[in-house]
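Contents: one structure, followed by commentary.
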Number of protein chains: 2
Amino acid sequence: MSTAPGGCAESPVPAAVAVDVAVFTVRAGTLRVLLARARSGPFAGWWALPGGRVGEQESLDDAAARELPAGAAARDVYLEQLYTFGQPQRDPRGRVVSVAYVGLLADPERMTAPAADKYASVAWRPVSRLPRLAYDHAAVVRLAVARLRAKLQYTNLVYTLLPRSFTLGELQSLYEAILGRALDRRNFRRRVLSLELLRPLGRVRGGPHRPAALYAFRSRRPMTVSVL
Amino acid sequence: MSTAPGGCAESPVPAAVAVDVAVFTVRAGTLRVLLARARSGPFAGWWALPGGRVGEQESLDDAAARELPAGAAARDVYLEQLYTFGQPQRDPRGRVVSVAYVGLLADPERMTAPAADKYASVAWRPVSRLPRLAYDHAAVVRLAVARLRAKLQYTNLVYTLLPRSFTLGELQSLYEAILGRALDRRNFRRRVLSLELLRPLGRVRGGPHRPAALYAFRSRRPMTVSVL
DNA sequence: TCAAAAGTGTTGCAAATACACCCATGT
DNA sequence: ACATGGGTGTATTTGCAACACTTTTGA
């Protein structure tokens with residue numbers, strides 16, 4: 001049974017429900033998470049994950065999407081529920097149960113728009129060197145990173161972290177940045193191509209060296225496939 | 001941020017937080033889930049997962065353990081958070097966000113004690129043939145079964161479904177019941193033994209046929225190991 | 001002596017790994 | 001010409017799957 005009447009007067013459970021979102025991207029070969037500095041509240045000035053209360057008539061997924069900084073522009077962030085944190089004392093102001101989400105975003109620039117948001121500032125921080133975080137958000141990020149690493153191995157979710165077209169080298173760098181270990185170029189290449197997830201674009205990207213063929217994902221929907 | 005003040009008067013978010021638990025066991029070669037029939041409420045008489053409101057000073061994990069029928073005797077149920085369901089309309093009485101848990105139990109008898117509980121009746125039902133369930137509990141069970149199947153493959157969690165000592169045949173039957181497919185006896189045996197998770201007890205269990213060696217798990221703590 | 005489950009060993013295939021060489025480009 | 005990353009191929013190992021036979025008990 002999922003019990004409890006709705007009305008505030010009748011309900012003996014004054015818990016508030018919130019969402020917190022750990023949005024990740026990879027920039028400069030480093031896995032980064034989006035942090036925000038709160039203007040007010042018990043942790044004013046601290047870095048924390050973006051988040052906030054769930055509206056009365058709002059689903060959890062909708063709330064997570066809405067709480068993203070510069071939300072409008074960020075409609076194509078991949079979001080997935082992670083875990084729900086409900087220790088009684090996790091928020092000094094009272095009982096707050098927080099549903100944590102993982103977000104994945106390709107283009108880091110899109111999100112940094114400071115906006116006349118509720119946050120004093122917003123920044124992409126490398127997950128390997130995080131500042132002290134408010135609430136239990138350090139634990140949230142740890143869990144989120146673990147989930148991300150695991151899920152890249154058996155899904156095609158990398159597509160959420162890449163632009164439309166990319167080279168195999170870029171794809172490999174991405175995996176290496178997130179998994180934190182080097183991969184054999186030739187084996188990676190064969191593996192990925194054998195999955196038939198990519199479509200060769202025919203075009204080529206020039207650079208300082210030999211131009212690399214461009215690829216795109218055949219499907220940009222979440223699927224489970226054994227990648228590594 | 002996980003915001004929101006605690007007080008009921010100040011909070012515009014009258015959401016109640018509940019837990020629902022899908023407890024599984026295997027009996028007679030069939031994966032079964034524990035269902036309860038509510039005495040009252042909008043779904044009185046319907047089958048549903050056991051569950052209920054989270055107390056004010058109670059963690060989610062504690063709430064899940066407490067909501068188990070015949071709770072006292074069931075202290076050694078393995079519990080793990082599954083997913084949080086928060087569609088605004090999922091409870092007809094008002095907004096209830098429900099944190100779903102998966103439970104695993106070895107001894108089916110332990111739990112069936114009807115008890116002067118809040119439930120009219122309690123029963124182990126095969127997951128393959130479930131009655132209509134209250135709320136969104138059909139979806140909860142579906143997700144829970146998927147999680148259970150997946151997790152048996154890369155953890156040692158089977159130990160939660162077995163008594164202290166067991167034969168390799170029993171272990172295999174358990175896997176077959178949950179995965180829903182037959183496994184090669186010899187390969188299964190070799191695989192499992194090579195993991196070094198089991199300790200041979202020396203003793204033997206007699207039966208109508210050739211007696212089988214008894215084993216026990218070296219460690220009864222959750223670990224991740226690639227089982228299949 | 002028969003049925004039914006326990007226990008053991010081998011073999012072939014397929015996938016993962018490790019590794020070496022040539023190619024195309026900008027500087 | 002050379003440094004740098006792109007592209008292709010091959011040998012070896014390792015793990016998985018398929019499979020056949022012997023053993024021990026109760027009935």
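A note on names: the letters A, B, ... follow the listed sequences, proteins ahead of strands, and every chain is numbered from 1. Only a predicted model underlies this, so the values are computations on that prediction, with no experimental measurement involved.
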Exercise. Mark yes or no for whether R189(A), through its side chain, and L168(A), through its backbone, hold a donor-acceptor pair below 3.5 Å.
Key: no

Practice problem: May I have the distance from L183(A) (atom CG) to dA16(C) (atom C1'), rounded to whole angstrom? | Solution: 13 Å

Quiz prompt | First and last nucleotide of DNA chain D, 5' to 3', lying under 4.0 Å from heavy atoms of chain B | solution = dC16(D) to dG26(D)

Practice problem: Give the rounded distance in Å between these two atoms: OH of Y215(B) and P of dA6(C). | Solution: 11 Å

Quiz item: Of L179(B), L157(B), V127(B), L104(B), which meets side-chain contact (heavy atoms from CB on, under 4.5 Å) against L148(B)?
Solution: L104(B)

Quiz prompt | Sugar-phosphate or base contact per nucleotide [nucleotides 19-27 of chain C; S, B, -; heavy atom under 4.0 Å] | solution = BB--BBBS-

Enumerate, atom names and distances included, each donor-acceptor pair closer than 3.5 Å involving a side-chain atom of residues 219-228 of chain B, sequence neighbours excluded.
from: S219(B); atom 1: OG; to: R221(B); atom 2: N; distance (Å): 3.2
from: R220(B); atom 1: NH2; to: Y159(B); atom 2: O; distance (Å): 3.3
from: R220(B); atom 1: NH2; to: L162(B); atom 2: O; distance (Å): 3.0

Quiz item: In whole Å, what is the span from the CZ atom of R191(A) to the C1' atom of dA14(C)?
Solution: 12 Å

Quiz item: Between Y101(B) (side chain) and D61(B) (backbone), is there a donor-acceptor pair under 3.5 Å?
Solution: yes

Practice problem: Measure the acute angle between the ring planes of F85(B) and Y83(B), then classify it against the limits of 30° and 60° as parallel, tilted or perpendicular. | Solution: perpendicular

Practice problem: Residues of residues 193-203 of chain A with any non-hydrogen atom less than 4.0 angstrom from an atom of DNA chain D: list those, numerically ordered, please. | Solution: none

Quiz item: Is the distance between the ring centroids of F166(A) and F217(A) less than 6.0 Å?
Solution: yes

Practice problem: For atom CZ of R205(A), decide whether the heavy atoms of other residues, nucleotides or ligands shown that lie under 6.0 angstrom number more than 12. | Solution: yes

Quiz item: If you look at every heavy atom in G51(A) and E67(A), which pair is closest and at what distance?
Solution: O-OE1, 3.2 Å

Quiz item: Within the side chain of E170(B), is there an N or O that forms a donor-acceptor pair under 3.5 Å with the backbone of T167(B)?
Solution: yes

Quiz item: Residues from residues 161-174 of chain B sitting under 4.0 Å of DNA chain D, heavy atoms only?
Solution: none

Exercise. Assign the ring pair F43(B) / W46(B) to parallel, tilted or perpendicular, where the plane angle (0 to 90°) is split at 30° and 60°.
Key: perpendicular

Self-check item: Non-hydrogen atoms of A177(B) and V26(B) that approach each other most closely
Solution: CB-CG1, 3.9 Å

Exercise. Measure from the side-chain N and O atoms of R32(A) to the backbone N and O of R27(A), and report whether any donor-acceptor pair falls under 3.5 Å.
Key: yes

Practice problem: List for me each residue that meets side-chain contact (heavy atoms from CB on, under 4.5 Å) alongside R185(A), sequence neighbours excluded, and say none if there are none. | Solution: Q172(A)

